[in-house]
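So you know, we letter chains A, B, ... as the sequences are listed, proteins then strands, and number each from 1. For clarity, every value in this text was computed on a predicted model and none was experimentally measured.
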2 protein chains.
Amino acid sequence: MNETPPSLLGLTTYLMSKTGKAARGRLADRLAERGLRLWHMAVLAALTDFGPHVQRELAERLSIDRSDVVKIVDGLGAAGLVDRARDTADRRRVTVTVTPAGRELLERLKAEALAVQEDILAPLTARERAQLTALLLRVHDGALAGGQARAGR
Amino acid sequence: MNETPPSLLGLTTYLMSKTGKAARGRLADRLAERGLRLWHMAVLAALTDFGPHVQRELAERLSIDRSDVVKIVDGLGAAGLVDRARDTADRRRVTVTVTPAGRELLERLKAEALAVQEDILAPLTARERAQLTALLLRVHDGALAGGQARAGR
DNA sequence: CCCAATGATGGGTGTGCACCTACTAAAGGA
DNA sequence: TCCTTTAGTAGGTGCACACCCATCATTGGG
């Protein structure tokens with residue numbers, strides 16, 4: 001009685017959605033334990049990978065509303081994970097930088113994400129996981145470049 | 001400036017979440033045009049695949065709260081997509097059945113889902129899509145059987 | 001020097017989702 | 001017959017998310 005309807009299981013769309021939701025949910029739970037949300041991690045990752053950003057750039061890169069960036073950076077700042085600094089050249093701009101604490105935390109968060117991943121991808125062999133990642137990566141790139149059309153809403 | 005942080009792209013978890021969200025979002029948009037939500041489709045699928053259900057069974061199968069089932073079935077009933085009938089043997093129970101209109105609509109919805117899928121999986125060949133589906137299916141089965149732990153919240 | 005454009009911010013809105021709590025009707029065992 | 005359990009229903013809550021608008025400071029062009 002707890003089987004999922006085959007009509008849905010036949011849809012790759014459905015499977016992506018369902019497994020993706022599960023993955024996101026579990027990671028979000030872990031983050032919540034530290035008082036963080038997924039966006040916080042995304043911002044830390046962006047800052048670590050690409051260096052300091054002006055808030056506008058963060059909004060652009062992550063496709064979030066700029067007013068929401070403010071709130072996320074607020075949270076990170078309060079936790080000492082990023083530094084905010086007014087741009088001396090253009091004092092309207094605020095440059096956000098990861099602190100060492102932020103970098104360190106990101107490493108831990110990545111480790112947690114890997115743990116969640118380990119759990120979720122348990123049924124697959126290492127080869128298969130690599131395959132899955134490769135396939136999803138291509139889907140991801142294609143989806144971003146092509147259709148676009150805001151995901152949310 | 002619009003590249004996604006590699007720290008995230010390296011996580012299969014992230015890719016599943018992101019692509020899954022995109023997929024769900026697009027399908028949800030299509031459904032919304034008909035005044036439906038994803039749960040409506042899921043219920044139609046369950047009823048079509050497994051035959052009539054008592055509401056309790058729907059709740060169990062789809063892992064939704066029973067009070068939410070009521071609302072979903074309400075909507076479907078109002079649209080003439082399902083029939084509600086009190087069980088004569090046990091008059092507490094209400095058996096829900098798909099109507100022909102419901103079956104027909106489900107077919108169309110499945111077609112729409114396939115269209116979305118076609119769009120999203122565009123970068124992949126037919127072989128690769130089959131591979132992806134197979135991999136995700138195993139992940140899905142594993143995730144449900146093993147970890148469980150409600151996805152939401 | 002004034003004005004339009006830009007960046008950050010605060011505050012607020014609507015939606016979907018998962019959850020929970022009565023309350024009613026009915027069934028079924030002690 | 002009484003009492004516990006089960007099914008459905010109504011109504012409401014909290015949260016995360018995506019969006020939007022108004023405001024203020026600042027910049028840079030005309």
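- For the atom pair CG (A:Leu136) and CG (A:Asp141), the distance works out to 11.0 Å, reported to the nearest 0.5 Å.
- Other residues, nucleotides and ligands place no more than 12 heavy atoms under 6.0 Å from the CZ atom of B:Arg108.
- Checked against C:dC19, C:dA8, C:dA26, the side chain of B:Asp90 finds its nearest nucleotide in C:dA26.
- Atom P of nucleotide D:dT6 and atom CZ of B:Arg86 are separated by 18 Å, given to the nearest angstrom.
- A donor-acceptor contact shorter than 3.5 Å links the side chain of A:Arg24 to the backbone of B:Ser17.
- Between A:Arg103 and A:Glu107 there is no salt bridge, since no side-chain nitrogen of the basic residue lies less than 4.0 Å from a carboxylate oxygen of the acidic one.
- A donor-acceptor contact under 3.5 angstrom links the side-chain atoms of B:Asp68 to the base of C:dC19.
- For the contact set between residues 70-77 of chain B and DNA chain D, defined by any heavy atom under 4.0 Å, the members are B:Val70, B:Lys71, B:Asp74.
- Side-chain N/O atoms of B:Lys21 include one lying less than 4.0 angstrom from OP1 or OP2 on D:dA18.
- Between A:His40 and A:Leu31, every side-chain heavy-atom pair lies at or beyond the 4.5 Å cut-off.
- Put simply, NE2 on B:His53 is 16 Å from C1' on D:dA7, counting in whole angstrom units.
- Of all nucleotides listed (D:dA18, D:dA7, C:dG7), C:dG7 comes nearest to the side chain of A:Arg56.
- Where A:Thr88 and A:Arg66 meet DNA chain D, the nucleotide closest to each residue was compared, and A:Arg66 sits on the side nearer the 5' end.
- Atom CG of A:Leu58 and atom P of C:dG7 are 13 Å apart (whole Å).
- Counting heavy atoms from C-beta on, the side chains of B:Gln117 and A:Leu11 come closer than 4.5 Å.
- A:Leu121 is not listed as a side-chain neighbour of B:Thr13, based on a closest heavy-atom distance of 4.5 Å or more.
- The existence of a salt bridge linking A:Asp68 and A:Lys71 is confirmed by a sub-4.0 Å separation between a basic side-chain nitrogen and an acidic carboxylate oxygen.
- Nucleotide C:dA25 holds its C1' atom 14 Å from the CG atom of B:Asp87, rounded to whole Å.
- When the nucleotides D:dT9, C:dA18, C:dC17 are ranked by their closest atom to the side chain of B:Arg37, C:dC17 comes out on top.
- Whole-Å rounding puts the A:Leu36 CG to D:dA16 P distance at 12 Å.
- To the nearest 0.5 angstrom, A:Ile120 atom CD1 is 11.0 Å from A:Arg129 atom CZ.
- Backbone-only engagement by B:Val54 is indicated by non-hydrogen atom pairs under 4.0 Å involving sugar-phosphate atoms exclusively.
- Atom pair A:Glu57:CD and C:dT6:C1' shows a separation of 13 Å (rounding to whole Å applied).
- At distances below 3.5 Å, not a single donor-acceptor pair connects side-chain atoms of A:Gln55 with backbone N or O atoms of A:Val94.
- Within 4.0 Å of A:Arg24, counting heavy atoms only, lies no atom of the nucleic acid at all.
- Checking the phosphate oxygens (OP1, OP2) of D:dT23, no side-chain nitrogen or oxygen of A:Arg92 falls inside 4.0 Å.
- Rounded to an integer number of Å, the gap from CD of A:Gln55 to P of C:dA8 is 5 Å.
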Could you go over nucleotides 1-4 of chain C and give all protein N or O partners under 3.5 Å, atom names and distances?
none

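- The CG-C1' distance, from A:Asp65 to C:dG11, rounds to 13 Å in whole Å.
- Which of C:dC17, D:dT9, C:dA27 sits closest to the side chain of B:Ser67 comes down to D:dT9.
- The existence of a salt bridge linking B:Glu33 and B:Arg30 is excluded, since no basic side-chain nitrogen approaches an acidic carboxylate oxygen closer than 4.0 Å.
- Hydrophobic clustering places A:Leu38 together with A:Val82 (ILVMFWY residues linked when any side-chain heavy atoms are closer than 4.5 Å, directly or through intermediates).
- Taking the nucleotide of DNA chain D with the nearest heavy atom to each of A:Trp39 and A:Ala89, the more 5' of the two is matched to A:Trp39.
- Where the helix from C:dC1-D:dG30 to C:dA30-D:dT1 starts and where it ends, the local axes point in directions that differ by 0°; five pairs per end, rounded to 10°.
- Distance check, rounded to the nearest 0.5 Å: OG1 of A:Thr4 to NE2 of B:His140 gives 4.5 Å.
- Taking 4.0 angstrom as the limit, A:Arg91 places none of its side-chain polar atoms (N or O) nearer than this to OP1 or OP2 of D:dG28.
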